[in-house]
Q: 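Below you'll find the structure I mean.
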Amino acid sequence: MMRTMPLADARHLPLWRRPTSLLFAMALAMPIAFATWSALLNNFVVEVAQFDGADIGLLHSVREIPGFLAVGVIAVIIFVREQVLGLVSLILLGVATAVTAWFPSLGGILTITMLSSIGFHYYETVNQSLQLQWLPKERAPQMLGWLLAAGSAATLVAYVLIVLTWRAFDLSYNLIYLVSGGITAVLAVFCLLAYPQFEAPNPQVKKFILRRRYWLYYALQFMAGARRQIFMVFAGFMMVEKFGFDVHQVTGLFLINLVINMGFAPVFGRAVARFGERNTLIFEYAGLVTVFLAYGGIYWFGWGVLLASVLYVVDHMLFALALALKTYFQKIADPGDIAPTAAVAFTINHIAAVGLPWILGLLWLASPAAVFGLAAAMAGTSLLLALMIPRHPEPGNETVFSRFVAATPAE
C-alpha cells in the first residue's frame, strides 16, 4: 500500500521522489502516447479507413465526449485520490493508444478513441488540479513553462524516431502505436508504485460547484475549447488533404513546433510572471485572430504550402501561452476549490468541443475557409473577454468590474 505524506514533508525525500518530480514524470509520459497518436491520426484514418472531412469531424466529436464528462472526476475523487486517478487514467491512455491500429474501421476507431480519450481527459483534469495545488503561486508560471517544455522534449524524441524510421524501415502504424502507448503505460505504472501519495495542505471540495465570481474564467475556458477544436481537427487535416503531406512530413512539422516550444515554453512562463495574465492572453488572442484569418486566405486567395506551414507553427506557439489561464485561476481561487473547479472548467471547455467538430466537418465540405473565418471570430471573442481580466487578479478582484461589486467570495 502506498503511504501518504504531507506535501510539506516531501522536501526531505530524494529529489526524484518529490511532488515536482512526479509532475515532470507525468509530463514526460503523457505526450509519448498522445502526441504519437495525433501525429499519425490524419494519415491513418485517410489511408486505412478512407475518412473524409465529415468523418474526421465525427471522430473528434466522439473524442471530446469524455472531456465534456470530466465533471465526473468530482464523483470519483470521493473514493479515489487524485494522484491515483491521474496515473490510472494515464495507463488507460497508454493501453488504448497501443491497440489503436487493431481496429481499422470507422466503428473501431471511434470506440478505441473514446477509451483513450477517457484516459487523456481524466488525466488532464487531475493533472491541472495537482499542478495548481502543489506549485506555489509565485513559482507556478515558471514551473508550468518548464513542465510544458518537458512534455515537448518527450514528444520531440518520439517524433524524431518516427521521422528517421518511418520510411527507412517501412514501419507500420500498428508497431508505432504499440510502442508509444506501451511506453506511456509502463511509465505510469512506475509512477503509481514509486511515489508516495502526497497530501496537499488544503482539502478539496468534493462536490459540484459553480462560483459566480469565477464567471470570466468559465467564459474563457468555453471559448478556448471551441477555438482549440478548429486547430486540433482541421489545421493538420488541411496539411494532409490540401497539400498531400505524408506521415514523415506532418511529423516534421510537429518537430519544428516542439523545438520552438522547448526553447520558448520557459520564456512564456517568465513572460506571464512579468507581464501578467491579462497582457499575455490579450497578445495570444490577437495573434490567433490574425493566424486564423490567414488560414482562410489559403483558400480564399490560393496561398501556398510554405505559408500554411508557417501559420501552423505560429498557431502552436500562441496556444502555449494558454498557461496564463491556469495561473489566472490559481490567483483568484479559494485553495479548496481547485480540484472541483478544474473538473467543472474541463467540462465547460468541452461543451462546444463535442458537437462543433462534427458540425464544422460538414461545413468543411462546403467551405474550409468559412471554418477558419469562424475560428477568427471565436479568437476575437476571447480577446474581448481577456480585456476584462484585471492587472492584479486575486480573490475579490477577479474581473475589471469587481471594484464596482461588493466582494462575495462564497458566491
Q: Can you sort out the partners of Leu115 under side chain to side chain contact (heavy atoms under 4.5 Å, CB included), two or more places apart, ordered by chain and number?
A: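 Per chain and number, Leu115 pairs via side chain to side chain contact (heavy atoms under 4.5 Å, CB included) with Ala96, Ile112.
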Q: Report the residues that fulfil side chain to side chain donor-acceptor pair (under 3.5 Å) with Tyr177, sequence neighbours left out, ordered by chain and then residue number.
A: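 Not a single residue meets the side chain to side chain donor-acceptor pair (under 3.5 Å) criterion with Tyr177.
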Q: Inspect the surroundings of OH in Tyr218 and state if more than 12 heavy atoms from other residues, nucleotides or ligands are less than 6.0 Å away.
A: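 Result for OH/Tyr218: enclosed.
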Q: Tell me if a side-chain donor or acceptor on Arg278 pairs with a main-chain N or O of Ile389 at a distance below 3.5 Å.
A: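 A pair under 3.5 Å: yes.
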Q: Can you tell me which residue among Glu277, Glu138, Glu398, Glu394 is in a salt bridge (charged side-chain N to carboxylate O under 4.0 Å, His left out) with Lys331?
A: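 With Lys331 as partner, salt bridge (charged side-chain N to carboxylate O under 4.0 Å, His left out) holds for just one option, Glu277.
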Q: Distance-only, no hydrogens or angles: does the Arg211 side chain make a donor-acceptor pair with backbone N or O of Asp334 under 3.5 Å?
A: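 Between the backbone of Asp334 and the side chain of Arg211 there is no qualifying donor-acceptor contact (under 3.5 Å).
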Q: Look only at the side chain of Thr341 and the backbone of Ile338, and say whether a donor-acceptor pair between them is shorter than 3.5 Å.
A: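 The answer is no, because no donor-acceptor pair under 3.5 Å joins these two groups.
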Q: Please name all residues satisfying side chain to side chain contact (heavy atoms under 4.5 Å, CB included) with Ala386, sequence neighbours left out, ordered by chain then number.
A: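 Once residues adjacent in sequence are excluded, the partners of Ala386 under the side chain to side chain contact (heavy atoms under 4.5 Å, CB included) criterion are Leu281, Ile282, Tyr285.
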Q: Which residues satisfy the side chain to side chain contact (heavy atoms under 4.5 Å, CB included) test with Ala377, sequence neighbours excluded?
A: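 If we apply the side chain to side chain contact (heavy atoms under 4.5 Å, CB included) test to Ala377, skipping adjacent residues, there are no hits.
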Q: How long is the gap from CZ on Arg18 to CG on Leu23, to the nearest 0.5 Å?
A: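 If I round to the nearest 0.5 Å, the distance is 13.5 Å.
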Q: Step by step, work out the side-chain contact (heavy atoms from CB on, under 4.5 Å) result for Ile348 and Val344.
A: CA-CA 6 Å; Ile348 291 172; Val344 170; 3.8 Å; yes
Q: Can any side-chain N or O of Asn349 pair as donor or acceptor with the backbone N or O of Ala345 at less than 3.5 Å?
A: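 Not a single qualifying donor-acceptor pair exists.
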Q: Residues in salt bridge (charged side-chain N to carboxylate O under 4.0 Å, His left out) with Lys326, at least two apart?
A: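 Not a single residue meets the salt bridge (charged side-chain N to carboxylate O under 4.0 Å, His left out) criterion with Lys326.
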Q: If every non-hydrogen atom of Ala271 is compared with every non-hydrogen atom of Thr280, which pair is closest and at what distance?
A: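 Nearest pair, atom of Ala271 first, then Thr280: O-OG1, 4.1 Å.
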Q: Counting only pairs under 3.5 Å, give me each side-chain donor-acceptor contact of residues 292-311, with atom names and distances, residues two or more places apart or in other chains.
A:
unit_1, atom_1, unit_2, atom_2, d
Tyr295, OH, Tyr312, N, 3.4
Tyr295, OH, Asp315, OD2, 3.4
Ser309, OG, Val305, O, 2.9

Q: What pairs with Glu199 under salt bridge (charged side-chain N to carboxylate O under 4.0 Å, His left out), at least two apart in sequence or on another chain?
A: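 With neighbours one apart ignored, the set is Arg81.
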Q: According to side chain to side chain contact (heavy atoms under 4.5 Å, CB included), who are the partners of Ala154, at least two apart in sequence or on a separate chain?
A: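 Side chain to side chain contact (heavy atoms under 4.5 Å, CB included) list for Ala154, sorted by chain: Leu28, Ile32.
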Q: Are any side-chain N or O atoms of Tyr123 and backbone N or O atoms of Ile118, one a donor and one an acceptor, separated by less than 3.5 Å?
A: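 Side chain of Tyr123 to backbone of Ile118, a donor-acceptor pair under 3.5 Å: no, none is there.
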Q: Quickly, which of Leu144, Leu325, Leu132 forms a side chain to side chain contact (heavy atoms under 4.5 Å, CB included) with Gln330? Name it, please.
A: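 Per the side chain to side chain contact (heavy atoms under 4.5 Å, CB included) rule, the option paired with Gln330 is Leu132, out of Leu144, Leu325, Leu132.
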Q: Are there over 12 heavy-atom neighbours, none belonging to Arg391, within less than 6.0 Å of that residue's CZ?
A: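 Atom CZ in Arg391 is not crowded, with 12 or fewer foreign heavy atoms closer than 6.0 Å.
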Q: If the condition is side chain to side chain donor-acceptor pair (under 3.5 Å), which residues does Trp102 pass it with, not counting sequence neighbours?
A: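 Trp102 satisfies side chain to side chain donor-acceptor pair (under 3.5 Å) with Asn174 only.
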Q: Please answer whether the main-chain N or O of Gly181 pairs with a side-chain N or O of Thr184 as donor and acceptor at a distance below 3.5 Å.
A: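 Checking the backbone N and O of Gly181 against the side chain of Thr184, no donor-acceptor pair under 3.5 Å is found.
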Q: Can you name the residues that form a ring pair (Phe, Tyr, Trp, His ring centres under 6.0 Å) with Phe198, not counting sequence neighbours?
A: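 For Phe198, the residues satisfying ring pair (Phe, Tyr, Trp, His ring centres under 6.0 Å) (neighbours in sequence not counted) are Trp134.
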Q: Counting only heavy atoms from other residues, nucleotides and ligands, does the tally under 6.0 Å from CZ of Phe283 exceed 12?
A: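 Atom CZ in Phe283 is not packed in, count stays at 12 or less.
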Q: Does atom NE2 of His12 have more than 12 heavy-atom neighbours, drawn from other residues, nucleotides or ligands, at distances under 6.0 Å?
A: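 Result for NE2/His12: enclosed.
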Q: Would you say the side chains of Gln133 and Ser129 form a donor-acceptor pair under 3.5 Å?
A: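 Their side chains do contain a donor-acceptor pair, which is all the 3.5 Å distance test asks for.
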Q: State which residues pass side chain to side chain donor-acceptor pair (under 3.5 Å) with Ser89; sequence neighbours excluded, sorted by chain then number.
A: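 Testing Ser89 for side chain to side chain donor-acceptor pair (under 3.5 Å), a comparison that skips the adjacent residues, returns none.
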Q: Look only at the side chain of Arg63 and the backbone of Thr113, and say whether a donor-acceptor pair between them is shorter than 3.5 Å.
A: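 No; judged by distance alone, with no hydrogens or angles, the pair does not exist.
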Q: Which residues pass the side chain to side chain donor-acceptor pair (under 3.5 Å) test with Ser382, sequence neighbours left out?
A: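 Once residues adjacent in sequence are excluded, the partners of Ser382 under the side chain to side chain donor-acceptor pair (under 3.5 Å) criterion are Arg227.
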Q: Looking at Ala286, is its backbone amide N or carbonyl O close enough to the side chain of Thr290 to form a donor-acceptor pair, meaning the two atoms are under 3.5 Å apart?
A: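 Yes, because the side chain of Thr290 sits within donor-acceptor range (under 3.5 Å) of the backbone of Ala286.
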